[in-house]
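Structure, as structure tokens:
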Amino acid sequence: MNREISLKWFLIVLGVLVVIEIVVLFLLAKSDDLPGYSSEYCPEAICNEDASLCYAYDLDSEGNTIIVWRGSCRTE
């Protein structure tokens, strides 16, 4: 079964996919709202050298250490 796809329909579908990708990128990458960043937890978080991976810890009711937040404290 060999079916050919016209160039016109291929470009239309490709164009729609590109527009969807651009919209998703703008929704995910807002410059004023960095994903994973929390001004509440970053001052007390424990981070790696470049602050790209941080954890905030707390104790539960039984005294066990739990992770209350995981994210990035980069301010790029």
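Hydrogens, waters and symmetry mates play no part in the numbers below; they use all other heavy atoms, side chains included. Everything quoted here is computed from the prediction, not taken from an experiment.
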Under 6.0 Å from the CD1 atom of Ile66, do we count more than 12 heavy atoms belonging to anything else shown?
yes

I would like to know whether Leu59 and Thr65 meet side-chain contact (heavy atoms from CB on, under 4.5 Å); could you show each step before the answer?
CA-CA 5 Å; Leu59 297 176; Thr65 303; 3.8 Å; yes

Which heavy-atom pair separates Tyr41 from Val68 by the least distance, and what is that distance?
CE2-CG2, 3.9 Å

Nearest 0.5 Å, what's the CD-CZ distance between Glu4 and Phe10?
14.0 Å

Suppose the criterion is salt bridge (Lys or Arg N to Asp or Glu O under 4.0 Å): which pairs have a residue in residues 10-25, not counting sequence neighbours?
none

Quick one: which residue pairs count as a salt bridge (Lys or Arg N to Asp or Glu O under 4.0 Å) with a foot in residues 45-67, not counting sequence neighbours?
Asp50-Arg74

Fellow cluster residues of Ile46, listed by chain then number, with links counted only when side-chain atoms sit under 4.5 Å apart:
Leu53, Tyr55, Tyr57, Ile67

Donor-acceptor pair, Ser72 side chain versus Cys54 backbone, under 3.5 Å?
no

Do Leu11 and Ile5 land in one hydrophobic cluster if side-chain heavy atoms of ILVMFWY residues count as linked below 4.5 Å?
yes

May I ask you to check whether the SG atoms of Cys47 and Cys73 are separated by less than 2.5 Å?
no

